[in-house]
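The chain is numbered in sequence order, starting from 1. Computed from a predicted structure; not experimentally measured. Numbering of ligands and ligand atoms starts at 1, following listing order.
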Amino acid sequence: MNQMKETMSVFKEVFEMPNEYKQNMYANDDLKTCRKFTSSLRYETEKVHLWRDSLRHPSHPLDQWQHLWPENPITYRECVGDFSVKIKELGWRIMDLISEGLGLQRLSKHKDPYLITILMQDDVSGLQVLKDGKWITVEPLPGAFVVNIGHLLEIISKGKLKSAEHRAVTNSSHTRTSAAFFIAPLDDCLIEPAEDLTDENNQPILKSFKYKEFLKQFFNTLGDSYLLLKSFEAPKN
Ligand SMILES: O=C(O)CCC(=O)C(=O)O
Ligand SMILES: [Fe+2]
């Protein structure tokens with residue numbers, strides 16, 4: 001609240017500076033990044049003039065622009081700089097909420113379409129697995145990999161090995177980096193449920209398919225496991 005008031009008064013002050021100073025510092029020149037103008041950016045050609053003065057400048061990254069901002073009032077650069085960092089964070093928080101509201105995540109629910117995945121995460125959490133209808137965060141452990149059973153291994157093992165549905169979510173304050181290493185068959189490799197295993201896990205009966213067909217369907221069905229398996233069901237006799 002205080003910071004809002006403080007910044008607002010700095011903005012007011014900048015327009016109260018003597019005219020000569022304003023004219024010199026921020027001539028309304030297309031090449032200047034920091035511009036002070038009356039009405040719109042096209043005063044000469046506009047049909048109607050707007051009753052306003054504006055000051056416009058880029059803000060981020062600060063070290064690229066801040067030195068081009070107004071020198072006066074003396075507190076302008078620091079005050080507006082601090083404030084613009086907060087506003088940027090607020091902007092991203094709002095974006096996160098909008099994205100959540102629209103049902104968008106950073107990486108939506110899926111099973112990896114491979115054999116296994118070896119995942120390396122930094123220390124920012126974001127990976128979640130679906131267990132009994134609930135999303136559970138897989139907290140990063142220093143020096144540890146997450147090993148995910150892929151969809152192919154679930155198919156081959158007739159469901160003895162379960163491929164966890166997972167997703168990765170964002171947060172508003174820390175950048176997260178992960179590196180996923182996928183262990184996958186060759187494109188033309190033939191995949192089928194292992195004959196030696198029993199059908200005890202209620203898996204759909206699948207025909208053999210080439211790995212590359214599976215991968216293509218995975219992307220066509222946008223990771224929807226049900227639709228994906230549907231296209232590889234064995235014809236019913
Ligand atoms: O970023 C992560 O932790 C998950 C990445 C992932 O699931 C994937 O690339 O398949
Ligand atoms: Fe994944």
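- Using a non-hydrogen distance threshold of 4.0 Å, H110 registers as a contact of ligand 1.
- Considering V138, L127, D112, V147 as possible partners of L119, the one that fulfils the side chain to side chain contact (heavy atoms under 4.5 Å, CB included) test is L127.
- Side chain to side chain, S178 and Q121 fail the donor-acceptor criterion of an N or O pair below 3.5 Å.
- Set against the non-hydrogen atoms of H166, the atoms of ligand 1 under 4.0 Å away are 7 (O).
- Against a heavy-atom cut-off of under 4.0 Å, A168 is close to the following atoms of ligand 1: 1 (O), 2 (C).
- Take a cut-off of 2.8 Å around the Fe ion (ligand 2): the protein N, O or S atoms inside it are H110 NE2, D112 OD1, H166 NE2.
- Counting Ile, Leu, Val, Met, Phe, Trp and Tyr side chains that sit under 4.5 Å apart, directly or through other members, L141 stands alone, with no cluster partners.
- Looking at T117 against ligand 1, nothing comes within 4.0 Å, counting heavy atoms.
- Remark: E213 pairs with F209, K210, F232 by the side chain to side chain contact (heavy atoms under 4.5 Å, CB included) rule, at least two apart or across chains.
- Remark: the backbone N or O of L161 is paired with a side-chain donor or acceptor of S157 at under 3.5 angstrom.
- Residue contacts with ligand 1, taken as heavy atom pairs separated by less than 4.0 Å, do not involve F181 at all.
- Qualifying side chain to side chain contact (heavy atoms under 4.5 Å, CB included) partners for N2, counting only residues two or more places apart in sequence or in other chains: none.
- In this structure, F218 has its ring center no closer than 6.0 Å to that of H151.
- At a heavy-atom distance under 4.0 Å, only side-chain atoms of R176, from C-beta outward, approach ligand 1.
- Rounded to the nearest 0.5 Å, atoms NZ (K207) and CD (E233) are 9.5 Å apart.
- Between Q128 and R167, the side chains place a donor N or O and an acceptor N or O closer than 3.5 Å (distance only, hydrogens not considered).
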